[in-house]
Structure formats: C-alpha cells, structure tokens
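Contents: one structure, followed by commentary.
Order of the sequence lines sets the chain letters (A, B, ...), proteins ahead of strands, with each chain counted from 1.
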Amino acid sequence: MVSGFRLRRRRGTGWGPGSLILAALALAGCGRAEQFPQTVFDPAGPVARIQLDLLMRTLYLVIGIFILVAGVLLYVVFRYRERPGAGDPEQIHGNTQLEMAWTIAPIVALAFIAVPTVRANFAVAEPPPESDPLVVRAVGHQWWFEFQYPDLGVITANELHIPVGRPVKLLLDSEDVIHSFWVPRLAGKTDMIPGYQNTMWIQADEPGTYYGQCAELCGASHAKMRFRVIAVSEEEFQAWVERMQTYTVDVSSSALAARGMELFREKGCFACHAIAGTEFQNRVGPDLTGVGSRTTIAAGTLANTRENLSRWLADPPAIKPGSKMPNLGLKPDEIEALVEFLHSLK
Amino acid sequence: MAVLEQPRQVGLLRRPTSLTGFWSWVTTVDHKRIGILYFWTAFFFLLVGGIEALVMRLQLAHPDLELVTGDRFNELVTMHGTTMIFLAVMPLSSAFFNYMLPLLIGARDVAFPRLNALSYWLYLFGGILLNVSWLFGGAPNAGWFGYAPLTSSVYNLGRGIDFWIQGLQLLGVSSLISAINFIVTIFNMRAPGMSLMRMPVFVWNQLATSFLLLFSLPAVTVALIMLMFDRYFGANFFNAAKGGDAILWQHLFWVFGHPEVYIIILPAMGIVSEVLPTFSRKPLFGYSAVVFSTALIAFLAFGVWSHHMFTVGQGPVVNTVFALTTMTIAIPTGVKIFNWLATLWGGSIRFTTALLYSLGFLSMFTIGGLSGVMHSAAASNLQQHDTYFVVAHFHYVLIGGALFGLFAGIYYWFPKMFGRMLDERLGKWGFWVMLIGFNVTFFPFHFLGLLGMPRRIYTYPAELGLARWNLVSTIGAFILSVGILIFLVNVWKSLRYGEKAGPDPWDGRTLEWSIPSPPPVYNFRRIPYVHTRDPHWARKYPHLAQAEEPPPAATAADSEAEHGIHLPSPSYMPILLALAITVGAFGGVFRNVPLVALGVVGTIVSVYLWSVEGEGGIVVEPEGDA
C-alpha cells in the first residue's frame with residue numbers, strides 16, 4: 001500500500017496543490033476504494049465529497065500549525081541547550097504584545113475553517129431543495145439493516161438499491177439499541193436511535209457497490225453488522241423495483257427447492273422471515289425476498305455462496321455471536337434443500 | 001522526629017496512635033502517605049488497563065481472529081477505557097495533587113485530612129468493585145460512555161452494568177470529596193504572602209480541575225441514578241418505547257464527559273508548567289496568560305459537550321453552534337503551548353528525563369489537540385466520528401498528553417516523594433522506547449479510521465484492507481509495553497539502590513525543594529513567608545528574582561518551631577466509612593437487601609463515630625535547623 005503511493009486528484013475541489021503535503025503523509029495514496037472499500041478518500045457522491053473537502057481543509061491547516069510548532073520546538077531545543085560557562089539566562093517573565101499576537105493568530109486561523117464548516121454543516125443536512133429524492137426508511141436491528149421504500153412498497157435487507165445521480169433521503173430509525181448508518185464513500189454517519197427519526201441524504205454518482213457498516217457499539221456482533229449500497233442506472237433500478245413489487249415464488253421446476261420451501265414452513269423459518277409473493281409475511285428478521293441474488297448473507301458477514309449459506313444455517317450463532325437466529329438443529333439434507341430454495345429466490 | 005506530647009484523648013472513641021507499620025498506613029491521614037497510596041494503586045491499575053489493551057491489540061492484529069468473542073471484546077473495551085480514565089490517569093494526577101499541594105503552598109496538610117483518606121479508600125474500593133465484576137459473571141460491556149438503551153435490562157442481562165453503575169458512583173463520591181478538599185485547601189491554607197497570583201501554576205491547574213469535578217460530576221451521578229432506577233425498578237428514563245429518551249443519557253453523560261477530558265489533561269499541563277521553567281532556568285513565560293487560559297479552558301469545557309453527539313441528528317444549527325464553541329477551545333490551548341515554547345526560548349535547557357517527557361507532552365499533545373480541531377468541523381466529523389481516527393485523537397491527548405505529562409511529574413517529583421533519584425540513563429531509554437512505541441501504536445489509527453474502521457469492532461474482514469496498519473499498531477503496543485517495563489525496573493532499582501536525593505536535586509524554584517526529601521511528617525519546620533513567585537529560587541538567587549517586598553521579621557508560625565508542631569491523629573473512620581459504603585454498593589449490584597441494609601447502617605454508624613471520635617492530635621518537635 002505504501003509502495004502504491006498513487007495520489008488521486010480529487011475532482012473539482014480546488015485543493016490540488018496542497019496534495020504534496022498529503023503525499024508526504026502517504027494518506028491519500030492509501031485511499032483507493034479498490035483496496036479499501038470503506039475509505040473516505042475516494043468519495044463517490046456529493047455528500048462525501050463535501051465532507052472530504054472540509055476534512056482536507058482542516059487537515060492542511062493543522063499540518064501547517066504542527067510544522068510551525070514542531071519547528072519552533074526543534075529550534076529551541078537545539079539552540080538553547082545548556083552550555084558550560086554560559087551563565088544564567090535572562091529572566092524574562094512575559095511580553096504583552098506576544099500574548100496578543102498568539103491569541104489573535106489562532107482566531108484568524110480558525111476563521112479559515114469555521115466559515116466552510118458552517119456552510120458544509122447545512123449542505124450535508126438536506127438534499128438540494130430542487131431535487132426529487134428517493135425516500136428510503138432504514139431501520140437498524142441487532143445486527144442487520146432493514147430498508148423500506150415507502151413510496152414503492154418494497155422491503156429488503158442489508159442491500160440498499162439506489163439509482164445513480166439521484167439524491168436518496170434516508171429516514172433512520174432503530175428497532176432496539178442505537179446503531180449508526182455509515183457508507184464512507186457516500187456520506188458520513190448518522191445514528192439510528194429508538195424513538196427518533198433521523199434523516200440524512202446520500203447520492204452515488206457512479207454505478208457500483210459501496211460498503212457500509214454500523215458505527216455505534218450495539219452489542220456482541222457490532223463488528224458483523226454490515227451492509228452494501230448497490231447503485232445502478234435509473235432503468236436498472238426501475239427494473240429491480242418492478243421485480244420486487246411483482247415478486248413471485250415458483251418452485252415447481254425443482255423438487256429440492258420445493259422441499260426447501262416446505263422446510264421453511266415446517267422448521268419455523270417463516271415465524272421471522274418474510275418472502276414477497278408467499279404467505280410468509282412475518283418481519284422479525286431480515287426480509288428474504290430475492291435473497292438468492294444478494295451478494296452477502298448475515299448482514300455483510302459472508303459471501304452468498306452455497307457453502308457459506310450451509311454453514312450459516314447449520315449454526316448461526318457460531319458465525320455471528322448473539323445472533324437472534326438460533327441453531328435449529330437442521331440435518332445436512334434439510335440444509336441442502338433450504339439452500340436450494342433460498343438460492344432460487346432471485 | 002520526636003513526639004513531644006500525645007494529648008489525653010477526649011470523646012467516645014480513641015484514635016489510633018501507631019506511626020509506623022501496616023496499621024499506620026491503614027489509618028493514615030497524612031497527605032504524603034495518601035499521595036503515595038494513590039501513586040502505587042494508580043500504577044497498578046495502569047498495568048491492568050494496559051494488559052486489557054494488549055489483549056485487544058492481539059485480537060485485532062489480523063483479520064477474522066477469534067482470540068476473544070465479541071462479548072468479551074466489548075468487556076475489554078469498556079474496562080480498558082473505564083480503568084484508564086477513572087482508575088489510572090485521574091488517580092495518578094490525584095497522587096501529585098495530594099502529595100504536592102501542601103508542599104507547593106507551604107502548608108502542613110490539606111484542609112480535611114480524614115476526608116482525604118476517605119477519598120483514597122473509596123477510590124481503591126471502587127476500583128476493586130469494578131474489577132471483581134470479571135469474577136461474578138461478566139464485566140461491563142457497553143463502552144466507557146455506556147449509551148442507553150444498550151445498558152438497559154432488556155439488552156444487557158448480566159450484572160456488568162450494575163457493577164459499572166455502583167463502581168462509578170463510588171469513584172464519583174471519592175472525586176467529589178477530593179475536589180472540595182482541594183478547593184478549600186487552596187483558598188485557605190496558602191502560606192502567608194502567597195497571593196493567588198503567586199501560586200505555582202500546577203496549583204492553578206489543580207484548582208481548575210477541582211472546580212471542573214465539582215460542577216461536572218453531579219451530571220453523571222444523576223444519570224447513573226436514573227440508569228439504576230431503569231434497571232432496578234423499571235423506571236423508563238431512557239426507554240423510548242415507554243416515552244423515555246435515549247438521547248437524554250448522552251446529554252447528561254457528556255455534560256460530565258467533556259469536562260472530564262480537561263480533568264485529565266489540566267494536571268499534566270500543570271506539571272509541564274513547573275518542569276519547563278526548572279530545566280530552562282527561567283520563570284514561566286506569561287504566567288498570567290497561562291493562568292487565565294487555564295481558567296478559560298475550564299469554563300469553556302461546559303459549553304462544548306454536544307460535539308460528542310454530532311451524529312445523533314441535532315440538526316445543522318445545533319451542530320454549528322457546538323462546532324464553533326469547540327473551535328474556541330483551541331485559542332487558550334494555543335496560548336498555553338506558545339507560552340511553554342517561549343519559556344524554553346532563551347533558556348539554558350538541561351535535558352533530564354523529566355524535561356524529555358515534557359517535550360514529549362508538548363509535541364504529542366499538539367498532535368492530539370490539532371486532530372481535536374479537525375473534529376470540531378461538524379460536517380466532516382460525521383466521517384471521523386466513532387472511527388479509529390477518534391481513537392487516535394484521544395490516545396494522543398491521553399497518553400501523549402496526560403500520561404507523558406504525568407511521567408514528567410514522576411521523574412521530577414519521585415526524588416522528593418521517595419528520597420532517591422531515578423536513574424537518568426534508564427529514564428531516557430524508557431522515554432525514547434515509549435515515544436516510539438506510542439507513535440507506532442497510535443499514529444496508524446489515523447489511517448485506519450479514515451480508511452473506514454469503526455471503533456469497538458472486535459474483528460474485521462480481510463477485504464477492508466485494514467490488516468497491515470492493524471499489525472503495525474499491535475507491534476507498537478508491545479514496544480510501548482517495553483517502555484513501561486523499563487520504567488518499572490528503574491523504580492525498583494531506585495528504591496533499592498538509588499542515589500540519595502538531597503532536598504533540591506534539580507535546582508528547583510518552588511517551596512517543596514526547600515525541605516528535605518522525603519519531607520518530614522510536618523513538611524515545613526517553619527511555615528515560609530512568600531514574597532514572590534518561585535520563592536525558593538528567589539531565596540537562592542536574589543539577583544535573578546524580582547523580590548517585591550522584604551519578608552516580615554517574624555510570623556506566628558515561628559513559635560511552632562519552639563513549642564512543637566500540632567498534627568492530626570490517624571483515624572480508623574475513613575476506611576470504615578468507605579468499607580460500609582462499598583458493602584452497600586456490592587449489595588446493590590446483587591440486589592441483596594440485607595447487604596444493602598448492612599451498608600446503610602454501617603454508613604450511618606461510621607459517620608456518627610466519625611463525628612464523635614476523639615480530637616486526638618499529636619505534637620511533634622521538628623528536627624534539625626532547616
């Protein structure tokens with residue numbers, strides 16, 4: 001990573017020249033999203049970009065101040081070390097003009113970041129007034145994310161689908177303890193608090209998969225409460241919405257999947273999990289509509305492969321400590337059928 | 001020291017008389033002994049918290065490790081933070097507050113010696129109570145700021161949070177008593193002639209710290225009582241489902257929690273303000289500016305708490321207000337740093353270990369302070385908040401700032417406290433190893449945070465690309481541990497073989513250097529008359545000092561030297577009272593009514609006996625002709 005050292009010029013910020021300092025820190029050079037999917041240095045939307053601009057401005061200021069202080073400190077330490085026979089130093093008690101100067105200087109320096117801070121605080125609070133944001137309600141649960149599209153009648157979990165280039169207004173809420181919604185490449189975090197409805201907005205400028213994670217300590221599996229934001233073109237998004245709205249489950253082509261669906265009922269899976277287009281409509285755990293086409297399972301913990309899904313079904317708390325989904329004591333052939341069924345839910 | 005007289009004791013209860021041995025330590029009310037008790041206890045807890053940190057660093061050294069479970073990790077996170085703040089760093093400051101305050105202001109003891117002992121015992125028992133939670137079914141696990149509703153009985157079934165509530169309450173009472181004791185002492189017991197503006201800057205910082213404790217602790221005390229009611233009696237202060245408010249906890253906690261940050265850093269600033277002048281042979285530059293900056297920092301501390309809550313959805317107006325108030329803190333802090341630099345400027349700098357740690361403080365605290373300025377920018381703080389970037393920030397302030405400042409204090413005052421010099425060569429080795437280890441551990445945290453690592457995660461997947469800096473940090477943590485080990489060896493060597501320290505090994509400036517090391521039980525043979533700042537320096541080098549007025553010919557204190565010095569007797573009551581309160585708290589943890597009743601009755605009886613125990617007092621004859 002250090003050998004990488006590729007300095008990425010950020011677009012349209014006007015802070016390019018100062019990047020030399022940054023290169024010295026090897027910070028931005030380390031910030032590419034291919035290596036670091038949760039980096040804040042590779043913003044993919046306006047909110048994260050405003051935040052990075054402000055962050056860089058404060059960073060340049062404090063690096064400048066540090067160089068000044070460290071420089072004076074080093075000078076003093078070398079220049080004024082004790083020398084034999086030099087006699088007593090002059091006993092200076094203070095200097096009013098100096099005190100004035102170094103009281104006023106920080107005020108001026110702070111103005112340099114205070115004004116942009118105020119502007120940015122308001123810019124990241126609400127989507128631009130003329131825009132037509134997509135509204136999504138995001139609910140935190142121990143330890144997974146639920147996404148509801150109230151205007152579209154779609155509910156999904158752990159993968160938030162959004163169209164590129166359009167602001168998304170998030171209504172944040174929690175079902176249990178405090179969680180925090182954070183997709184570093186799209187926006188800083190906002191907490192999901194029981195009894196409150198917080199809002200934030202995000203927008204992705206490029207199609208892609210953006211990594212997110214809960215950022216507030218929320219119990220045993222806080223580390224395994226992750227999610228993805230999947231940004232696609234407007235057309236693809238509409239297609240996805242339509243598929244979710246008219247979702248049907250058809251297991252007639254596979255006897256194994258049909259047995260899996262039977263087990264889904266028999267073993268009580270339906271008591272917690274909903275699947276659109278079926279009679280399963282309980283939403284204690286994540287909605288499983290279209291789970292077969294999700295990239296991960298267990299809230300971003302494992303890649304959605306047959307092996308991983310089998311491991312998960314065999315003993316959820318072993319993978320995710322404290323998981324509300326118990327070990328159901330499923331036999332290998334039952335797991336195989338359930339995996340077949342769940343993966344058929346494309 | 002010869003005891004001239006043990007007056008016949010009056011009152012219901014005789015006070016203990018032993019002046020040496022085990023019981024003399026249990027019953028001591030001498031501020032110096034209490035300071036030493038604080039010192040060793042705090043250092044013990046520093047090692048405990050350090051070991052907890054090492055376990056966490058091992059767990060995070062590599063992606064997807066399962067050395068500890070998520071639950072265990074949350075306990076380690078919580079206990080590491082709680083231990084380091086309440087049981088290690090604050091009490092280490094308290095060790096110097098207790099030991100040095102009377103020496104610096106020319107007094108025989110603090111205003112309320114028995115209360116002082118009570119503070120210590122409550123601290124010790126509170127620390128023990130918190131830590132025995134490991135043995136009784138699990139330690140607290142909701143982070144050091146214990147956000148509701150993760151602490152509620154719905155989401156937290158074990159007893160860990162109950163231990164946390166009761167333990168913190170004991171520590172809070174201890175700190176509150178200390179704060180009152182120190183404020184009264186500083187206002188009333190300064191040597192004649194020592195006006196407030198002649199006080200050593202360390203004492204000014206102690207005064208500011210004490211006021212911060214006095215005004216901020218009640219907020220967290222109330223919050224903990226409400227949490228206790230929620231958990232014990234089904235109250236719903238923080239339960240949103242029943243009309244309570246989870247954010248209320250955060251406000252109450254941070255109204256305490258932010259001043260707490262300055263409670264931790266101000267003592268270190270005070271120490272550095274004493275060490276820098278001594279080793280540059282110059283007075284502190286801009287004494288009044290430093291004093292007013294200290295007061296201003298303490299005042300502003302109460303107006304910035306919501307910057308810990310930028311992500312809770314307060315809206316852009318509130319976030320902006322708190323962003324701006326937070327930025328203003330940088331101004332008095334900057335003034336202090338510039339004045340310290342100006343103190344060194346033009347001096348004749350002697351590179352002792354104490355000075356090295358002060359320079360370490362100056363540079364590392366500046367980094368921590370500057371990343372703090374970055375946090376004040378609310379909009380970008382939303383990215384940094386609750387990530388390793390914040391963890392980097394506060395470790396630069398707490399280790400690079402507070403702990404390095406306290407280590408400067410240890411190397412500076414150890415000879416005064418124990419009468420022996422610490423080895424300077426080992427000391428310098430220890431400093432450099434600690435400085436390197438500290439930076440290798442914590443500088444990468446800046447990168448990790450901005451690369452997307454939230455704090456308090458017990459593991460992370462390889463695909464996030466966080467492995468390398470985490471490994472570097474873990475290696476750094478072990479280097480830092482070696483630095484601490486070198487220090488421990490140094491202390492052990494010094495206590496066994498150390499060179500005897502004279503009264504004034506550093507050519508010091510303040511009153512503590514005018515008396516023997518360690519000081520006799522009565523501190524000053526004659527209470528000095530103070531006619532300038534840095535009175536000891538002025539006496540040694542009249543041509544370098546600005547003596548403002550000649551000392552009066554004789555003071556009332558002189559007669560003490562002829563007729564003996566009156567000192568308070570030791571007392572059983574402080575430890576008894578602390579024990580009774582602790583029994584009650586322990587009963588509270590287990591909801592054991594008989595035990596709580598025993599604690600309450602014990603407390604009432606102890607307070608009663610405290611008030612009726614004999615006045616006691618001994619009169620000693622000062623030695624020598626100091």
Where is the tightest heavy-atom contact between A:H222 and B:R456, given as atom of each residue plus distance?
CD2-O, 3.2 Å
Side chain, backbone, both or neither: which part of A:A86 has a heavy atom under 4.5 Å from chain B?
neither
Pair B:D245, A:Y196: side-chain N/O donor-acceptor within cut-off below 3.5 Å:
yes
Let me know if B:V317 has heavy atoms under 4.5 Å from chain A in its side chain, its backbone, both or neither.
both
Just wondering, do B:Q384 and A:V40 contact through their side chains at under 4.5 Å, heavy atoms?
no
Side chain of B:Q383, backbone of A:P184: donor and acceptor closer than 3.5 Å?
yes
Side chains of A:H93 and B:Y287: does their closest heavy-atom pair fall under 4.5 Å?
no
Report yes if some heavy atom in the side chain of B:S363 is under 4.5 Å from a heavy atom in the side chain of A:L73; otherwise report no.
yes
How about A:Q51 and B:N381: does a side-chain donor come under 3.5 Å of a side-chain acceptor?
no
Under 4.5 Å from any heavy atom of chain A, what part of B:Q250 do you find: side chain, backbone, both or neither?
side chain
Checking B:A142 against chain A: side chain, backbone, both or neither under 4.5 Å from a heavy atom?
backbone
Segment of B:S293 engaging chain A (4.5 angstrom heavy-atom cut-off)
neither
Do A:L98 and B:F338 make a side-chain contact, defined as non-hydrogen atoms from C-beta onward lying under 4.5 Å apart?
no
So, the part of B:L355 with a heavy atom under 4.5 Å from chain A: the answer is neither
May I ask you to test the A:T190-B:V312 pair for a side-chain heavy-atom distance under 4.5 Å?
no
Sort A:A70 into side chain, backbone, both or neither according to what part of it lies under 4.5 angstrom from a heavy atom of chain B.
neither
Does any N or O in the side chain of B:K282 come within less than 3.5 Å of the main-chain N or O of A:P89, such that one atom is a donor and the other an acceptor?
no
With a 4.5 angstrom heavy-atom cut-off, which part of B:F145 approaches chain A: side chain, backbone, both or neither?
side chain
Could you walk me through whether A:K224 and B:E66 pass the salt bridge (charged side-chain N to carboxylate O under 4.0 Å, His left out) test, one step at a time?
CA-CA 13 Å; A:K224 295 188 169 173; B:E66 296 281 349; 3.6 Å; yes
Do you know which of B:P283, B:S288, B:A240 has the most heavy-atom pairs with chain A at a distance under 4.5 angstrom?
B:P283
As an exercise, state the distance from OH of A:Y80 to CD1 of B:I349, rounded to the nearest 0.5 Å.
9.0 Å
Examine whether an atom of B:T69 lies under 4.5 Å from a heavy atom of chain A, and if so say whether it belongs to the side chain, the backbone or both; otherwise answer neither.
neither
Taking every heavy atom of A:V177 against every heavy atom of B:P149, the minimum-distance pair comes out as CA-CG, 3.8 Å
So, do A:W182 and B:T311 sit near enough that their side-chain heavy atoms are less than 4.5 Å apart?
no
How close do B:A246 and A:I193 get, counting heavy atoms only, and between which atoms?
CB-CG2, 4.2 Å
Is it the backbone or the side chain of B:H375 that comes under 4.5 Å from a heavy atom of chain A, or both, or neither?
neither
Pairwise side-chain contact, B:V373 with A:T58, heavy-atom cut-off 4.5 Å (strictly under)
no
Measure distances from B:A323 to the heavy atoms of chain A and classify the residue's part below 4.5 Å as side chain, backbone, both or neither.
side chain
Distance col, row B:L324:CG vs A:L110:CG, nearest 0.5 angstrom, shows 9.5 Å
CA sep, side-chain torsions, deciding dist, call: B:E463, A:R228, salt bridge (charged side-chain N to carboxylate O under 4.0 Å, His left out):
CA-CA 13 Å; B:E463 61 179 336; A:R228 304 276 191 274; 3.5 Å; yes
Compare every heavy atom of B:G286 with every heavy atom of A:E99, then report the nearest pair and how far apart it is.
OE2-CA, 3.4 Å
Without hydrogens or angle criteria, can the side chains of B:Y155 and A:Q142 be said to hold a donor-acceptor pair below 3.5 Å?
no
Approximate separation, where rounding is to 0.5 Å, of A:L217 CG and B:R455 CZ
9.0 Å
A:A109 versus chain B, heavy atoms under 4.5 Å apart: side chain, backbone, both or neither?
neither
Separation between CG of B:L450 and CG of A:L55, rounded to the nearest 0.5 Å:
6.0 Å
Rounding to 0.5 Å, atoms CG (A:N121) and CD (B:Q314) come to a distance of 11.0 Å
Bottom line for B:D386: the part with an atom under 4.5 Å from chain A's heavy atoms is both
Given a strict heavy-atom distance threshold of 4.5 Å, which part of B:Y458 is in contact with chain A: side chain, backbone, both, or neither?
both
Side-chain heavy atoms of A:Q38 within contact of B:L464, under 4.5 Å:
yes
Taking B:R281's backbone N and O only, do any of them form a donor-acceptor pair with A:D88's side chain (distance below 3.5 Å, no angle check)?
no
Smallest heavy-atom separation, A:V72 atom then B:L341 atom, equals CG1-CD1, 4.0 Å
With only heavy atoms counted, which part of B:L344 is less than 4.5 Å from chain A, the side chain, the backbone, both or neither?
both
Okay, A:Q213 and chain B: the region with an atom under 4.5 Å from a heavy atom over there is side chain
